[in-house]
Amino acid sequence: MLRDVLRFDLVLNAKALLLNGLIFSVFLVFMAHNGEIPIGEYAVVGALMFSFSNLTVLTREDRFKTAILLCSLPVKRRTIVLGRYVLAALSGLVGIAYASLLTLLPTAQVLTEGTSVLSVVGPATVAIVLGNSLLMPFTIRFGFIGVMVFLVAGQVLGIAVLAIWRRVQGAAELKDVIARGIGSVRDLQQSTDPWVFGVGVAILLLIGLVVSCWISARVFERKAL
Amino acid sequence: MTEYALEISGLTKRHRDFELKDVSLQLPRGFVLGLIGPNGAGKTTILKLILNLIARDAGTVRVLGLDNLEDEVEMKKRVGFVFDAPCFFGDATLESYRRAIAPFYPTWDEDRFDRLVGEFGLTRRKKFKALSHGMKTKFALALALSHEADLLILDEPTSGLDPVFRRELLDLLSGVLQDERKSVIFSTHIVTDLERIADYVAFLREGRLVFSLPQDELVESWGVVKGDAAIIEAVDRSHCRGIRRGAFGVELLTSDVTAARRAVGGDAIVERATLEDIMVLMAGEENHAA
């Protein structure tokens, strides 16, 4: 059934997805030639851009109201939701692979020296999982408007936190707190076995992903079509 | 024991400005049920509730003996649907739809789809948005008929179609119904369509099911009495289902045309009620329906 959902999305959105891919490709080629950039960061950008292709599927579904068609087919709504997560993961992996291939261009200014496969794939995978875990429930519930709501709400929330913090504690201390937080994570990474740290991060991401998937499924099951 | 294509019991759905309340009806297998009622009566809501497109607040729905929530996937494998509102990507071709939808149905019959596409004059390479309204309906019907569905759910399939297309569509449906196991639920405003094919008629008004009866019974027993107000008073009101007062007299809908004939004698016109009479008179302000 999951395969059928993926096929449905890919076949009926093929042109839109290819157009997206083309635009992202041009952007990545431009980025590779626009000053030096470490391959890890480059792969993160590629992975995120491609993995958000599922937003194209969801916004087109909103525009054409095709959720009615898909949900009338013999498939559970939670399988449809799972399909969208899998599509995001697969397109993200395509993004990593494509970005890595572009670094082979002789004219590319992507810095690849001294990097391992893990240092490229790791951060990009974290970005795919984190980005989609946060964004998907909003998009599934509200469509394209959901993406906007997410971005605007994030900014408003950030401004509100800053304003409250300034009033209560003073601006400098917030920076300190953030710096201390990042520092603590770095300390933890350095003082822990790399594998243990990696597995810990993976477990946390996995929990976040499962929770996001569960919320999306619940939201989609309750959505009136 | 009667096998039912559809058994709805106590179905309730509350919206902010509308409530479908306690609807119960049954459709035996091999028959056609016509859902009629004015706009906003709840016809589409019932069809969406059957397909789980909206969540119900109370009640149960069994389709072909399967619970529509617990056995959702199995149930949907045996149901074909055609919606009034467009729910297709305009820029996708008919062939892409076949490739996208066929794998969901283990019983998909490629030859049948081919035959239907040919019969309907459709071209696989054409984009959905390039089709006329009638052709879009035909394509949706071709998809619905290509997986051996035992129950067809058609939401206003003839609305917006010209009479030639409508007749063609109804002939097609009659063809489908040659298979006595297949059942159809058909919602429409165009009640003359139902007179051609419906075995049962369910009338909805303001979210309530007013009646669900065999069409034969409606044709045999229901009638319209037309005459002066004074004559109409003579008709037994226990069978009165609706009254409409106009400039030229009164029309009364009765569920016992024989008794009405006896009561008014030759002083008023008594005619068999058409579905349109029933819909118009029952949807009127002064109705006496239970």
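Below, chain A is the first sequence line, B the second, and so on; all start at residue 1.
No more than 12 heavy atoms of other residues, nucleotides or ligands sit less than 6.0 Å from atom CZ of R78(A). The neighbour count for K223(A) NZ, taken as heavy atoms of other residues, nucleotides or ligands under 6.0 Å away, is above 12. Remark: R222(A) CZ is loosely packed, at most 12 non-hydrogen atoms of other residues, nucleotides or ligands lying under 6.0 Å away.
For residues 64-76 of chain B, heavy-atom neighbours of chain A at less than 4.5 Å comprise L69(B), E70(B), E72(B), V73(B), K76(B), sorted by residue number. Residues of residues 124-148 of chain B that come within less than 4.5 angstrom of chain A, heavy atom to heavy atom, are K127(B) in numerical order.
At a 4.5 Å heavy-atom cutoff, the contact between A92(B) and chain A is made by side-chain atoms alone. Contact of L70(A) with chain B is made through the side chain alone, with heavy-atom distances under 4.5 Å. Only the side chain of N13(A) has a heavy atom closer than 4.5 Å to any heavy atom of chain B. Interface residue F89(B): backbone and side-chain heavy atoms are both found under 4.5 Å from chain A. With a threshold of 4.5 angstrom between heavy atoms, K77(B) approaches chain A through its backbone and through its side chain. Residue R63(A): no heavy atom, backbone or side chain, is found under 4.5 Å from chain B.
Looking at every heavy atom in both residues, A99(A) comes nearest to Y42(A) through O-CE2, 3.3 Å. Shortest non-hydrogen contact noted between S187(B) and D155(B) is OG-OD1, 2.8 Å. Across all non-hydrogen atoms, the minimal contact from K43(B) to G37(B) is NZ-O, 2.8 Å. Contact record, V81(A) with S216(A): CG1-CB, 3.6 Å, taken as the closest heavy-atom pair.
Under the 4.0 Å criterion applied to side-chain N and carboxylate O atoms, E3(B) and R29(B) are assigned as salt-bridge partners.
Between F50(A) and Y98(A), the two ring planes are tilted [angle within 30° to 60°].
Annotation: side chain of L51(B) is in contact with side chain of F83(B) (closest heavy-atom distance under 4.5 Å). For the pair E19(B)/T12(B), a side-chain contact is recorded, criterion being any heavy-atom separation below 4.5 Å from C-beta on.
A donor atom on one side chain and an acceptor atom on the other are not found under 3.5 Å apart for S100(A) and T103(A).
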